[in-house]
Visitor: 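Provided herewith is a single structure, encoded as structure tokens, for subsequent inquiry.
Convention: sequence-line order gives letters A, B, ...; per-chain numbering from 1.
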Amino acid sequence: MLEKRYEPKDIEKKWYDFWIEKNYFRAEAKSDKPSYCIVIPPPNVTGSLHIGHALDVTLQDIMIRWKRMSGFNTLWLPGTDHAGIATQNVVEKDLQKQGTDRHKLGREKFIEKVWEWKKLYGGTIINQLKSMGSSCDWSRERFTLDEGLSRAVREVFVRLYEEGLIYRGEYLINWCPRCHTALADLEVEHEDKQGKLYYIKYNFTDGGGFITVATTRPETYLGDTAVAVNPEDERYSHLIGKKVRLPVINRDVPVIADDFVDSAFGTGAVKVTPAHDPNDFEIGKRHCLPFINILTGDGRMSEAAGPYKGQDRFECRKNVLKDLEDTGHIEKVADHAMSIGHCYRCKTIVEPYLSKQWFVKIKPLAEEAIRVVKEGQVKVIPSGWENSYFDWMENIKDWCISRQIWWGHRIPVWYCEACSEIIVARETPAKCKCGSKELVQDNDVLDTWFSSALWPFSTLGWPDDTDELKTFYPTSVLITGFDILFFWVARMVMMGQKFMNREPFRHVYIHALIRDAEGQKMSKSKGNVVDPLKMTEKYGTDAFRFTLAAYAAQGRDIKFSEQRVEGYRHFLNKIWNVARFISMNVKEDTEIITMEEIRRGSSRTPPTLADRWILSRLSSVISEVNTALNEYRFNDAAGALYQFIWHELCDWYVEMIKPELYGENAGAKNIAVSTLVHVFEESLALLHPVMPFITEEIWQQLPCGKGAESLCIRKYPAAADGLTDRDAEEKMNTVMDAVIGIRNIRGELNLSPSLELQALIKVSDHSEGILKENISYIEKLARTKDVKIGRELHHPKNSASTVKPDMEIFVPLEGLFDIDAEIIRLTKETAKVEEDIQFVQKKLSNENFISKAPPQVVEENKAKYEEYLAKKQSIRNNIDKLDQWRKADE
RNA sequence: AGGCGCGUAGCUCAGUGGGAGAGCGCUUCCUUGACACGGAAGAGGUCAGGGGUUCGAUACCCCUCGCGCCUACCA
């Protein structure tokens with residue numbers, strides 16, 4: 001016997017351990033079954049579960065469990081990402097606390113330290129994934145720095161290099177002075193800010209006045225090597241070729257002409273700092289200007305900054321401004337809206353910085369990645385994201401992949417000290433071809449995203465030709481948030497195409513971002529994060545998972561509200577209690593009749609209307625859920641299950657069969673119990689991918705033959721033709737109309753639910769048989785007795801009435817009858833039906849409607865019109881009766 | 001600067017070319033043998049505003065307003 005309330009705590013661990021022990025999550029490398037595979041977006045190895053992960057893994061687990069139950073050889077491949085910069089930062093902070101730093105430790109010791117850290121905290125997020133119920137194949141867990149994956153990284157690097165798709169060069173890149181590394185363009189977050197535009201006067205060397213330039217970063221004037229104007233700008237054309245002297249540092253630079261300059265902006269004259277601005281870099285190249293690097297890697301002023309050497313870049317800005325002001329070189333300062341780039345890992349303002357870096361020549365890769373999406377080999381869901389994808393891909397720029405940190409895949413390039421040969425190799429070379437053994441490996445490591453770009457095939461064993469690759473590549477779907485569409489998804493498509501000649505996944509399902517209840521992005525600094533572990537602690541994992549699924553409508557961000565979890569927690573309790581109800585009514589010796597037998601009607605007692613109805617409803621929810629999951633409409637799947645189980649199964653069906661369950665007719669009872677058990681078991685199976693724990697717990701206790709040892713390997717209910725019973729559904733609608741009509745009278749006239757009412761139902765030819773056959777439901781569900789059904793019934797004195805299609809209901813109330821209240825009620829009804837009539841009448845009197853609308857629609861409206869008129873007339877008659885009685889009483 | 005999305009009941013959100021839906025909240029009644037984390041009945045919306053297409057628009061098109069996001073080298 002189940003406890004009175006569902007208590008998730010003990011149950012969850014018990015079943016998770018059971019599933020693991022039974023190896024249910026283990027995929028077959030070779031199998032006759034069709035394959036289904038998802039690779040997890042690997043979370044940062046030292047991270048901890050946040051609500052975004054929770055959503056991500058819930059949706060993946062739903063798909064995986066659904067497919068596993070549906071007979072697929074299912075692989076959910078888990079793992080973690082070494083997260084170069086992020087992890088290195090975490091460990092560096094820890095070192096700082098201990099009063100040391102990585103440079104004191106040295107490279108090797110530092111990396112050892114990080115591995116230790118990984119050992120210590122790497123399990124945290126994995127355990128949290130498990131606590132969410134994730135049915136990953138843990139025997140295939142991978143880490144981006146694993147030996148196998150590292151081999152894949154080297155292989156890819158070398159092959160791209162050999163094809164000329166990787167090159168090294170000195171370019172302006174984004175530099176984070178705090179992380180002390182280059183960043184890819186993507187890794188810079190732009191933030192709009194109200195800044196200043198400083199107008200600086202540069203004097204001509206020949207003493208002939210000055211030219212004014214405008215800049216947002218005045219300190220960069222220290223690196224100026226020209227002033228540029230537009231060649232078409234008549235204001236300045238006579239000045240081209242002259243020289244100006246930079247104030248304070250007194251360096252002379254030329255005035256040049258370049259098309260890039262927008263005459264309308266600022267003064268139309270631009271200071272050119274080729275080593276510190278992307279546009280100036282281009283101008284510098286075009287005009288062979290000197291590149292003066294005025295910064296050091298930690299964001300201080302370099303030797304080249306002369307008197308400002310050693311100053312922090314922002315301190316220097318202040319000092320430069322002061323000096324320019326003091327020497328009369330500031331013409332004016334204006335407000336200026338601008339956007340400033342920040343490091344996506346530490347939020348420090350990044351600098352365009354000139355340095356030698358490795359790049360991937362990306363256009364050829366991007367072309368393929370565009371093609372496979374355009375041609376539909378990769379389907380993006382919701383498809384709206386394709387636009388962003390194409391837009392980004394079409395305007396893509398070379399990818400800076402070298403990072404000046406230590407934690408990561410070291411670039412497989414060696415430089416010979418003797419002959420300066422560059423060796424790019426899969427295996428660490430012993431010596432140079434010149435014979436020298438003085439080889440020094442490149443100091444840099446690769447962008448973390450370089451290795452994650454290979455994830456869908458490196459995890460399956462590439463570059464070896466494994467069974468796993470044959471079985472599971474391309475993977476079935478990638479499920480992730482839009483925030484890493486470019487970082488990760490796009491790059492996986494490029495690499496997958498390049499090295500596997502196939503797309504890495506057939507579908508990409510992009511889900512929303514979770515925000516707080518006010519719609520703000522969750523962040524630790526704002527203090528508005530919802531801790532998923534607290535949710536599961538408080539409400540249970542299943543309730544939380546169900547909530548996430550119910551929230552996961554396509555195309556909109558999720559404003560997360562804890563109240564909603566609480567609501568679904570109630571749903572769990574509802575399920576729990578109907579399970580208790582079933583267990584109370586099914587004894588060990590209860591004979592459960594198979595559904596086939598019930599459907600065929602070959603058992604001793606035929607199924608009742610209620611049985612037929614709930615089976616029909618079940619078949620329709622089965623197809624709804626399967627269809628919804630097939631289209632990644634998780635919210636629809638959750639909603640359909642909620643509606644069916646709570647309102648149809650519990651509110652109607654269970655109540656309808658109580659007379660049979662408590663009655664003496666063993667045959668009737670058997671049919672009812674059997675149907676109930678069957679429908680409920682199917683419901684549990686349908687629910688299992690969303691709420692695995694409670695369904696398994698109940699299912700294991702359910703007293704019936706189940707043909708599997710766990711719900712998670714039981715067959716998933718599949719939609720089948722011919723199981724929808726239209727006749728039963730139509731008849732039940734008529735019965736429900738009668739019940740609802742009587743309940744309505746009871747409710748609106750405030751009659752106690754415990755009061756047994758009498759009812760007379762005046763019927764049409766059509767509904768007479770249906771209601772007569774099913775009178776017991778009406779008595780039970782509307783709490784009535786002595787229900788009379790007939791075509792010639794009359795409105796008894798002191799009775800309330802209501803009009804439904806095909807029937808008119810009278811409820812005699814005698815002493816309880818409040819004639820005024822009833823008149824008010826019916827008058828309101830009349831007003832409503834009056835509106836209805838006008839609405840339809842307006843349509844029908846429109847000639848265009850009659851001639852142009854589809855005939856079927858016209859017919860429908862005509863029928864409605866007749867129905868409303870009849871309804872109005874009936875209500876009218878009933879009111880007249882009331883009036884007569886009142887007059888008679890007076 | 002370009003692109004995208006959103007604006008529907010008090011709140012959170014579904015949804016559709018033929019009279020507006022759910023959950024929560026709210027009101028009234030009810031401890032009838034699974035469940036008060038429950039049951040029954042109800043109130044509540046010019047579907048942001050304006051124009052257009054259509055017999056018919058909340059839905060399709062255009063504009064405006066408000067909110068959010070992404071991409072971008074305007075000093």
Visitor: Tell me the partner of B:C55, counting only Watson-Crick (N1-N3 plus N6-O4 or O6-N4) or G-U wobble (N1-O2 and O6-N3) with both under 3.5 Å; none if nothing fits.
Guide: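 B:G18 - that is the nucleotide pairing with B:C55, both distances being under 3.5 Å.
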Visitor: Give one of base, sugar-phosphate or nothing for A:Lys271, where a contact means two heavy atoms less than 4.0 Å apart.
Guide: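 No contact.
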Visitor: Using a heavy-atom cut-off of under 4.0 Å over every strand shown, decide if A:Ala853 touches base, sugar-phosphate, or nothing.
Guide: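 Result for A:Ala853 = base.
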Visitor: So A:Trp652, base contact, sugar-phosphate only, or nothing? Heavy-atom distance under 4.0 Å.
Guide: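 Here A:Trp652 touches no strand at all.
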Visitor: Should B:U71 form a Watson-Crick or G-U wobble pair with both distances under 3.5 Å, which nucleotide is its partner?
Guide: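 Checking every strand shown, B:U71 finds its partner in B:A1, with both distances under 3.5 Å.
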Visitor: With a 4.0 Å cut-off on heavy atoms, is A:Tyr868 in touch with a base, just the backbone sugar-phosphate, or nothing at all?
Guide: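 The answer is base, as A:Tyr868 lies within the cut-off (heavy atoms under 4.0 Å) of a base atom.
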Visitor: May I ask which nucleotide in the shown strands pairs with B:G66, Watson-Crick or G-U wobble, both distances under 3.5 Å?
Guide: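 Its partner is B:C6 (Watson-Crick or G-U wobble, both distances under 3.5 Å).
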Visitor: Between B:A59 and B:G52, how far apart are the C1' atoms? Round to whole Å, please.
Guide: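 To the nearest whole Å, 15 Å.
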Visitor: Does B:U27 have a Watson-Crick or wobble partner in any strand here, with both distances under 3.5 angstrom, and which is it?
Guide: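 Pairing partner: B:A41.
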Visitor: Would you mind telling me which of A:Thr267, A:Val261, A:Val255, A:Val227 makes a side-chain contact (heavy atoms from CB on, under 4.5 Å) with A:Tyr236?
Guide: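 For A:Tyr236, the side-chain contact (heavy atoms from CB on, under 4.5 Å) test succeeds with only one of A:Thr267, A:Val261, A:Val255, A:Val227, which is A:Thr267.
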Visitor: Closest-nucleotide mapping onto RNA chain B: is A:Asn635 or A:Asn861 further toward the 5' terminus? I mean the 5' end.
Guide: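 Its nearest nucleotide lies further toward 5', so the answer is A:Asn635.
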Visitor: Within the 4.0 Å heavy-atom criterion, would you say A:Tyr642 contacts the bases, only the backbone, or no part of the nucleic acid?
Guide: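 Sugar-phosphate: the residue A:Tyr642, judged by heavy atoms under 4.0 Å, touches backbone atoms but no base.
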Visitor: Step by step, would you call A:Glu860 with A:Lys843 a salt bridge (charged side-chain N to carboxylate O under 4.0 Å, His left out)?
Guide: CA-CA 12 Å; A:Glu860 277 168 18; A:Lys843 275 190 183 182; over 6 Å; no
Visitor: Taking atom P in both B:G10 and B:G51, what distance in whole Å separates the two?
Guide: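 My reading of the P atoms in B:G10 and B:G51 gives 24 Å.
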Visitor: Starting from P on B:A41, measure out to CG on A:Leu781 and report it in whole angstrom.
Guide: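 It is 11 Å, rounded to the nearest whole Å.
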Visitor: Is the ring centre of A:Trp385 less than 6.0 Å from the ring centre of A:Tyr389?
Guide: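 Centroid distance A:Trp385-A:Tyr389: not below 6.0 Å, so no.
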Visitor: Tell me what A:Asn279 touches on the nucleic acid: a base, only sugar-phosphate, or nothing, going by heavy atoms under 4.0 Å.
Guide: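 Touches a base.
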Visitor: What interatomic distance, in whole Å, is found between C1' of B:A20 and the corresponding atom of B:G45?
Guide: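 These two C1' atoms come out 8 Å apart once rounded.
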Visitor: Given the P atoms of B:C13 and B:G68, what is the spacing between them in whole Å?
Guide: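 One P to the other, the span is 14 Å.
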Visitor: Within less than 4.0 Å of OP1 or OP2 of B:G42, is there a side-chain N or O belonging to A:Asn744?
Guide: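 Indeed, a polar side-chain atom of A:Asn744 lies that close.
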Visitor: When the C1' atoms of B:C47 and B:G19 are compared, how many Å lie between them, rounded to an integer?
Guide: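 My reading of the C1' atoms in B:G19 and B:C47 gives 14 Å.
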Visitor: If pairing requires Watson-Crick or G-U wobble contacts with both distances under 3.5 Å, which nucleotide is the partner of B:C47?
Guide: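 WC or wobble partner does not exist here.
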Visitor: With sugar-phosphate meaning primed atoms plus P, OP1 and OP2, does A:Asp280 contact a base, only sugar-phosphate, or nothing at under 4.0 Å between heavy atoms?
Guide: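 Nothing: the residue A:Asp280, judged by heavy atoms under 4.0 Å, touches no strand.
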Visitor: For the NZ atom on A:Lys872, are there more than 12 heavy atoms of other groups (residues, nucleotides or ligands in this structure) within a distance under 6.0 Å?
Guide: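 Open: at most 12 neighbouring heavy atoms sit under 6.0 Å from NZ of A:Lys872.
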Visitor: Hey, which of these two, A:Ser388 or A:Ser263, hits RNA chain B nearer its 5' end, going by closest nucleotide?
Guide: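 Nearest-nucleotide comparison on RNA chain B picks A:Ser388.
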Visitor: Suppose you measure atom P in B:A72 against the same atom in B:G3; what distance do you get, rounded to whole Å?
Guide: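 Each nucleotide's P atom is 15 Å from the other's.
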Visitor: Across the strands shown, which category fits A:Phe571 at heavy-atom distances under 4.0 angstrom: base, sugar-phosphate, nothing?
Guide: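 Answer is nothing: A:Phe571 stays at 4.0 Å or more from every strand.
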Visitor: Aromatic contact between A:Tyr509 and A:Phe634, with the criterion being ring centroids under 6.0 Å apart: yes or no?
Guide: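 That pair passes the under 6.0 Å test.
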Visitor: Can you tell me if A:Lys271 and A:Thr273 form a side-chain donor-acceptor pair at under 3.5 Å?
Guide: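 Yes, side-chain donor-acceptor contact under 3.5 Å.
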